[in-house]
Amino acid sequence: MPVEKVNNSSDLDTKVPSCLQLTSIGQLTLTSDPSHRCVKARVLRKGPVISCAQRDGLEMLRAEIREEDPLQSTTEHTSINVIFFDTLAKDFSQSVKQGDIVLLANFTISKSPTFLRDKLHPCQLEMDNKDACVYVCPSAIPGPSSSEAKYVYVPLNKLKSKTLVNVYGVVTFFKQPFPSKGSDYCTTLKITDQSDVKVICTIFCKKLEDHPLIFRVGDIIRLHRFKAEAFRDSITLINTFGWSTVTFNGIIDSPIVPRTSSKSFFYGEADKRRVQELRQWAANQSLCSDLNTSLSSVQPHMYFDFTCQLLAKAVMHSGCILLKVWDGTRCQLPLLQVAVPPDELEGECTLAKDKMNLTANVLVYDNHLEVARDLKPGAFLRFYNLRALLQKVPGQLPDQPEHLGFHLHGGTVYGRGLRSLPAETPDLLSLKSVLEKHVDLDEHEEVNDGTLLEIWYTPPESIVLPNDENPGAEENAGPAYTVQTCEHNTQRITLAQVKRSTPPLSCHVRARVKKYLPQQLYQCLKLFCSKCKTMKDVPDDSAVANIFLESARDNQPCDEQWAATSSANSREPGRTISMHVSKDMVGKSSHMQLIFIEGMTLDEISVLSRDHKNLVPVRSENSKMTRMDLTAPFLFSGKKRYYGCKQCSRNTFENPVFTGVETWDEQAVAAVLGVQMMQYRFLIQFELDDVTDTIEALLWEDAERFFHISAVDASGCQDLQDRIQTIMDTIQPPESSLEERPWMDFCLSVYTVKDNDRNKVCYQITNTEIVKQ
DNA sequence: TTAGGGTTTG
C-alpha cells in the first residue's frame, strides 16, 4: 500500500490497528516478533531511491528514524535504520521528508550491517512485504495553541536585575562544564537574540549530566528560571532553584529535536516556532563561522573545532591520554604517528587508516583527562579549540618533513575542551556519511547481505559532504583530451592522494596543465645515450656551424687507400672541399653510397644532404681521415642529423670495413664509425593541477606515444614540430586561465630516485595518449 | 559559594 498522510501526530496513533502494539525502538531485538508491532518515530535522514543491480534493479531507499518520546530519550538505541523496497521506496521518497513523523507497521527485523560503524541500533527494519505500511505526519508548524502559552520569554535587551526570567538565545560562546572552586561544576556560556544583546549565563550544578547539552556555537538554548543580575555594567543570568535548560540544533530546516537531561520538561509548538525564528535570524548574523574544519583542511598552528570518531585510546602517562580519532578525510600533511604497545591500546588497530593518513593522534592533558578517561572507542567526539602542531618524530633528520599532531592543552580558554556526541544527533550526519565511504577499511565489518551493502554507499539526500575528495566532479566528468592505454585496474585518485601515496605505484588521475617546461618547444627534443644514460640538448646550429668552420679552415684533404676522393676549391681561398667514397661503392647509386665530406660548411652540407642519404662529415689529421668533434652530427641523412655520445664512442675510426652492408642506415653508419649513437627523445615537465594539489610530472619514456610522433622524425620535420605545438596549445591555450583548460586523464608512475644519497619521489606520465581528433 | 570567555609545558 502507498504511504498515507495524516494531519497531526495524534492521528497517527488512531491509525494503529488494534492488533498492533506500539513498540519502543530501543526494545527491538533480532528475536522480537515483528508481526504485532509498529514503531512511531521522526525521520532524521532520508536517502535517495537507488536501483540495486544485484537484485535485478530492485529499487531501495534507506532512512534513519528516531523515537520522539522524550521519556525514552535516555534509553539506548532510540534511532534505527529502515530500508524501503520497490514501490514503497518510491512512495516514501515522494511523500516523506526529513523531520516528518512516521508510523511503520508490518516490517521485518534484520541485523544492521553498519552497527559497528554508526552505533545506531543492532537491528534494522526492512519494509518489503506487501503488507508493509507507512503513515506520515508532515512536520509543518501548526498554529499556536492557547494551552501552550505557559511560559513568557524575555528578550535579552529587556532583562532587569534581580528578576526571575525565562529566555531563549543563540549560543555564541560556551565552555564545557569545569569544576568550580566551590562544590559544583560550572558551565559558562554567552547567548544572543534578535535584540543583538549578548548575555553571559552561568550554570552551577553538581552533576555533570545535568549541565546543558551544548554541542556547538549556533545551538539554540532555552533557559527556565534563571536569575538576572547586574555585574560590571552588564546583566548576567544564573540558574536558580527549579531551573532547566533545553538546547536545539541551530541548523535551518534540520529536525527540531530537543536535547535535555530533564526528566520532564514542557516543549510545544510555540517552542518549535521560537527555534525556527532564532535559526533564521542567526543564519543572517554569521554567528557560526568556521565550524566544519575537517582533517583534510587543518593547517599547522590552527585552533579549530573537530568532529570525529574515537578509534582507540591509550594512557601515555598520568598526565596525558592519547586519543586516536578520524573523520574520514585525509590530512594534507603527514600525520604524527604515536607508537603505543598493542596491549596498551584500547580499541581497534588503526594501522590501515594510519597508512592512509586518516588517523589523527590527539594528546589530551590536565583538566580534560577526566572526560577522556571515560570515552569508549567507537564514540563520536567533538573537540573544541584543538591545537594543530607540527612535531618532529624522535630521531628525525632536520630536513625531513614534520608531522601534524594535535594537543588539547590544559585550561578552558576559548572554550577548549571535548565531549562525546550522542550517536543519533543530526550534528553527526555528515561525519557518518564520510565514514561510510571507508566501509572497505573496516576489517571487522560484518556484512551479512552483500546486496544491501550497495545502499550504504548512497549519500543522504540533503547533506552536503564537507571536503569531498572528488573535486570538480561535475565539471570534469566529460570526455578528456587524453586517454590511458594501460591495463591498470585502478580507480582515479586525486593529486593530493598521489602525494600521500607510497612509491612505487601506478595510478590514474584527472588534472589540468598549469604550466609546462620548456616553453620553447624545440628545447623539449633531447639527445639520450642509452648506454651511459647521458642526456643533453640538441646543439644549436651556430655551435655546429663553428665546428665546421674551424675544421674547414686550412684543411688539406686526407688521403686514404680505401677511398676514391674528388676535391674542388671553394670560393674562399685556402679551403678545399673533398668527397670520399669507399672504392667498393663506386658506381652504386648515390642513395646506396656512404659519402665522406671534408671542408664543407654546415650550410653547404645541409644543402647537399637534401639529395644524399648518408653524408659523414670528416676532417684530416696527418692526412688520415678522422671524425669531426662529436658535438657535431656524425651523419646527415636527408633532413635528419644523427649525433654520437662523446663518452661512449670510440676515439676515431681506422680502415673501416664497408663490405657486407646492403643498406646504409644510421645504425650501420654508427657501427662502422665506432659511434655510440644518441637517441632523440622528448622531455617535457608538466605542472598538473586538480584543485586538491599540484604535481610536477615528467613526460619522457612514453612521450612519443603521448604525441603519436617519433622524436627523430620530429627532429627533421617542421610540420611534426608544429603538430606538437598545436597539441600543447590545446592542452594549455595561450593566455588561458587554468579553469579554461581541458581536463586530461593521466596514468602516473610514482617512483623514487637517489638524489645526493636521499630518496626523491618522482612522477612520470606513462601509458597516456592524446586522443586523436 | 562557585564565575563573570579571550590561546600553549607536554
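In what follows, chains are A, B, ... by sequence order, proteins preceding strands, each numbered from 1. Basis for what follows: all heavy atoms, side chains included, without hydrogens, waters or symmetry-related copies. Since the model is a prediction, treat every value here as computed from it, not as a measurement.
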For A/Y168, enumerate each residue passing the ring pair (Phe, Tyr, Trp, His ring centres under 6.0 Å) test, keeping only those at least two apart in sequence or located in another chain.
A/Y153
Under 4.0 Å, counting only non-hydrogen atoms across every strand here, what does A/G410 touch: a base, just sugar-phosphate, or nothing?
base
May I ask you to say what A/L363 touches in the nucleic acid, namely base, sugar-phosphate or nothing, with a heavy-atom cut-off under 4.0 Å?
nothing
Is there side-chain contact between A/R387 and A/R416, with at least one heavy-atom pair below 4.5 Å?
no
Can you sort out the partners of A/E344 under salt bridge (charged side-chain N to carboxylate O under 4.0 Å, His left out), two or more places apart, ordered by chain and number?
none
Could you tell me the boundaries of the chain A footprint on DNA chain B, defined by atoms under 4.0 Å from its heavy atoms?
B/dT1 to B/dG10
Judged by nearest nucleotide, the residue sitting upstream toward the 5' end of DNA chain B, A/T412 or A/H409, is A/T412
Kindly write out the residues that satisfy side chain to side chain contact (heavy atoms under 4.5 Å, CB included) with A/F231, not counting sequence neighbours, or none if the list is empty.
A/T236
Mind checking A/T188 for me? I need base, sugar-phosphate or nothing, with any heavy atom below 4.0 Å counting as a touch.
sugar-phosphate
When we call it a touch if two heavy atoms are under 4.0 Å apart, what does A/C186 touch: a base, just sugar-phosphate, or nothing?
sugar-phosphate
Syn or anti for B/dG6, given that syn means the glycosidic angle lies within 90° of 0?
syn
How far does the C1' atom of B/dG4 sit from the matching atom of B/dT8, given to the nearest Å?
24 Å
Output all residues satisfying salt bridge (charged side-chain N to carboxylate O under 4.0 Å, His left out) with A/R419, sequence neighbours left out; order by chain, then residue number.
none
5′-ward residue of the pair A/D184/A/T172 relative to DNA chain B
A/D184
With sequence neighbours left out, write down each residue that passes side chain to side chain contact (heavy atoms under 4.5 Å, CB included) with A/S244, or none if nothing qualifies.
A/H224, A/S262
Remember a base hit wins even if backbone is also touched, and classify A/I238 as base, sugar-phosphate or nothing at under 4.0 Å, heavy atoms.
base
